[in-house]
Student: 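Structure below; questions to follow.
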Amino acid sequence: MSMEQKAGTRLIVKDVSKTFYQKKIEPHHVVDKVSLEVKDNEFLVLLGPGHCGKTVLLNIVSGLMPPDEGSVYLDGEKITKPNPKIGMVFQKLGLMPWKTVIENVEIGPKLSGINVKTRRERAEYFIDLVGLKGFENSYPHQLSGGMKQRVGIARAYTNDPEILIMDEPFGQLDAQTRYNMQNEISRISEHEKRTIIFVTNNIEEALYLGDRIILFTECPARVKEIYDIDLKRPRDMIDPEFLRLRKMISNNTDLAL
Amino acid sequence: MKKTAAYDQKRRPIKKILNSLLPFVSITCLFLLWFYASNINPDLVPSPASTWERLIQLFVKPVNKMNLFGHVWASLQRVFIALACATVLGVTVGVMIGWSKTFKAIFGTLFELIRPIPPIAWLPIIIMWFGIGEFPKILIVFIGTFMPIVVNTYTGIRLVMPLHLDVARMFNASNRQLLFEVAIPSALPPIFAGIRNATSSGWMTVLAAEMIASKAGLGFLITRGMDYFDVPLILVGMLAIGIVGALLAIITEFIERLLCPWNKKLEQD
Ligand SMILES: Nc1ncnc2c1ncn2[C@@H]1O[C@H](COP(=O)(O)OP(=O)(O)O)[C@@H](O)[C@H]1O
Ligand SMILES: [Mg+2]
């Protein structure tokens with residue numbers, strides 16, 4: 001099955017819903033008729049409160065989990081299983097503790113059977129880009145939270161995805177590290193132009209990074225509002241326009257984020 | 001607050017030294033107790049000195065053409081052969097029933113039924129089937145080492161983090177790759193823990209097997225001591241069993257550390 005699409009649109013999410021049924025518990029409706037489009041090379045931010053169903057939606061978009069209703073189309077083709085064109089930085093990272101930094105980073109090309117030399121070079125390039133040079137042979141448990149996050153990002157980039165999904169990548173970090181990482185990701189995405197779907201529950205982070213912000217309701221997740229952000233980059237968090245947008249989104253948001 | 005911290009820092013090294021001395025204190029106490037007991041009844045409890053003499057004599061006049069090292073080696077050899085076979089087979093079986101629902105359905109229940117039978121309980125039937133040669137002894141040790149390896153491998157494979165599998169799936173991993181790149185490596189620490197358990201269990205089993213029917217090994221040595229009322233020989237055998245057992249534990253832990261350098265649990269203690 002395929003789908004008509006406008007020029008410049010990479011990914012279409014159409015009327016996707018998901019409910020979890022568990023024994024002895026009320027059915028848990030998590031994603032409710034979500035429709036959205038992702039444009040080529042845009043930095044799209046999905047903004048929504050915690051536990052509203054963002055990760056579930058991403059799992060559906062990436063093909064790891066089937067939706068109950070609706071479909072996801074990548075370049076017009078329906079997604080039914082993970083596709084190497086889509087990369088993911090998982091919210092809980094999932095670095096493999098038995099692999100060193102470089103072994104973690106090169107796992108994508110390794111699984112696709114690319115030879116050691118080529119994949120090492122690629123991995124080195126992105127390890128350097130995320131600022132982890134010198135830590136290639138460390139194990140994840142020897143790294144700080146921010147460094148682990150960088151490994152997760154380098155790992156996703158090394159597989160050379162066309163669309164990169166990042167699920168609350170800075171959620172676990174302290175304020176200072178988070179701020180640095182926002183700058184880093186902004187720098188990396190300028191350097192390595194990709195379509196990025198970035199999930200967060202932080203309004204400032206969304207405004208600092210996004211070309212477009214899709215605001216979700218609380219659980220079940222529904223699209224509440226879409227904002228086009230035309231602020232020039234690099235963005236200034238105390239610029240009056242930035243603050244105005246921040247207030248506007250904040251007033252439109254369910255509960256405290 | 002500051003005062004207590006400084007106080008703790010001052011005290012800590014003293015406590016550390018004290019703690020490192022305590023093992024020697026307890027061993028000395030045991031020796032004193034041994035001395036004391038041997039004064040009461042030297043026939044049943046030979047003194048440390050006569051035990052030492054017996055040990056020396058074992059090298060001068062070997063028992064059954066073998067000195068102490070010969071007997072230690074005889075026992076160790078049986079354990080090593082059994083352990084090698086048990087590791088290869090046990091890991092394979094553990095991986096299969098941990099990974100494939102079909103294998104679990106076929107062998108799971110069967111295995112749960114056989115598992116509670118201790119290796120010693122296999123002795124009579126194995127002796128009746130295979131006699132008292134080298135093979136039946138190794139077979140019994142194999143049974144004792146196979147079980148913990150299968151159980152740990154199975155558990156390790158079952159406990160693979162679904163997130164790690166998802167990560168690999170995102171990179172288009174095949175089923176085979178999920179098994180060999182994710183499931184098995186992530187199960188290595190529990191597998192090694194299984195091999196460690198298997199080594200100590202194998203060491204106990206081999207001695208029991210040797211005590212029933214054997215012409216070499218530490219188990220044979222202490223049975224021989226009993227038959228000839230040679231109590232010092234029994235003590236020499238028991239001490240050797242303890243020391244070799246402890247060394248085996250240290251060596252397996254060292255190998256584990258070497259092969260699983262990411263295993264935090266080992267690094268911390
Ligand atoms: N596999 C699952 N089975 C049952 N419930 C789930 C499952 N995955 C997520 N949920 C529930 O769905 C809700 C939304 O989860 P999630 O998408 O992780 O939220 P978030 O927006 O914080 O990423 C949560 O209440 C969670 O408990
Ligand atoms: Mg989430």
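Protein chains get the first letters and strands the later ones, always in sequence-line order, with residue 1 at the start of each. Hydrogens, waters and symmetry mates are skipped; everything else that's a heavy atom, side chains included, is used.
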Student: Donor-acceptor check, side chain of N83(A) to backbone of K85(A), threshold 3.5 angstrom: yes or no?
Tutor: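 Between the backbone of K85(A) and the side chain of N83(A) there is a qualifying donor-acceptor contact (under 3.5 Å).
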
Student: Restricting to side-chain contact (heavy atoms from CB on, under 4.5 Å), what partner residues turn up for T252(B), sequence neighbours left out?
Tutor: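 T252(B) satisfies side-chain contact (heavy atoms from CB on, under 4.5 Å) with R196(B), T199(B) once adjacent residues are dropped.
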
Student: Has the side chain of D68(A) got a donor or acceptor atom that lies under 3.5 Å from a matching backbone atom of T19(A)?
Tutor: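 Yes, D68(A) side chain to T19(A) backbone: donor-acceptor pair under 3.5 Å.
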
Student: Going by the side chain to side chain contact (heavy atoms under 4.5 Å, CB included) test, name the single residue among I14(B), N19(B), L21(B) that passes it with I17(B).
Tutor: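 When I14(B), N19(B), L21(B) are each tested with I17(B), the side chain to side chain contact (heavy atoms under 4.5 Å, CB included) holds only for L21(B).
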
Student: Looking at I86(A), L44(A), N41(A), which one forms a side chain to side chain contact (heavy atoms under 4.5 Å, CB included) with T195(A)?
Tutor: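 When I86(A), L44(A), N41(A) are each tested with T195(A), the side chain to side chain contact (heavy atoms under 4.5 Å, CB included) holds only for N41(A).
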
Student: Set out, in order, the CA-CA distance, both residues' side-chain angles and the distance that settles salt bridge (Lys or Arg N to Asp or Glu O under 4.0 Å) for E121(A) and K117(A), then state yes or no.
Tutor: CA-CA 6 Å; E121(A) 264 168 28; K117(A) 194 171 164 293; 3.3 Å; yes

Student: Does E205(A) use its side chain to pair, donor to acceptor, with the backbone of N202(A) at less than 3.5 Å?
Tutor: no

Student: Evaluate side-chain contact (heavy atoms from CB on, under 4.5 Å) for I114(B) paired with W122(B), printing each intermediate quantity in order.
Tutor: CA-CA 11 Å; I114(B) 297 175; W122(B) 287 88; 3.8 Å; yes

Student: Using non-hydrogen atoms and a limit below 4.5 Å, what part of residues 93-103 of chain A faces chain B?
Tutor: L93(A), G94(A), L95(A), M96(A), P97(A), W98(A), K99(A)

Student: Is a donor on one side and an acceptor on the other found under 3.5 Å between the side chain of R122(A) and the backbone of T158(A)?
Tutor: yes

Student: Which residues in residues 56-65 of chain A have any heavy atom lying under 4.5 Å from a heavy atom of chain B?
Tutor: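 Within residues 56-65 of chain A, the residues under 4.5 Å from chain B are S62(A), L64(A).
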
Student: Parallel, tilted or perpendicular for H191(A) and Y125(A), by the 30°/60° rule?
Tutor: tilted

Student: Kindly give the heavy-atom pair with the smallest separation between S75(B) and L207(B), and that separation in Å.
Tutor: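 Here S75(B) and L207(B) meet closest at OG-CD2, 4.4 Å.
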
Student: Ring centroid separation for F198(A) and F170(A), is it under 6.0 angstrom?
Tutor: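 Ring centres of F170(A) and F198(A) closer than 6.0 Å.
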
Student: When the aromatic ring centroids of F107(B) and F111(B) are compared, is their separation below 6.0 Å?
Tutor: no

Student: Under 4.5 Å, heavy atom to heavy atom: which of residues 170-195 of chain B reach chain A? Give them by number, or say none.
Tutor: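 Near chain A, by residue number: M170(B), F171(B), N172(B), A173(B), Q177(B), E181(B), V182(B), P185(B), S186(B).
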
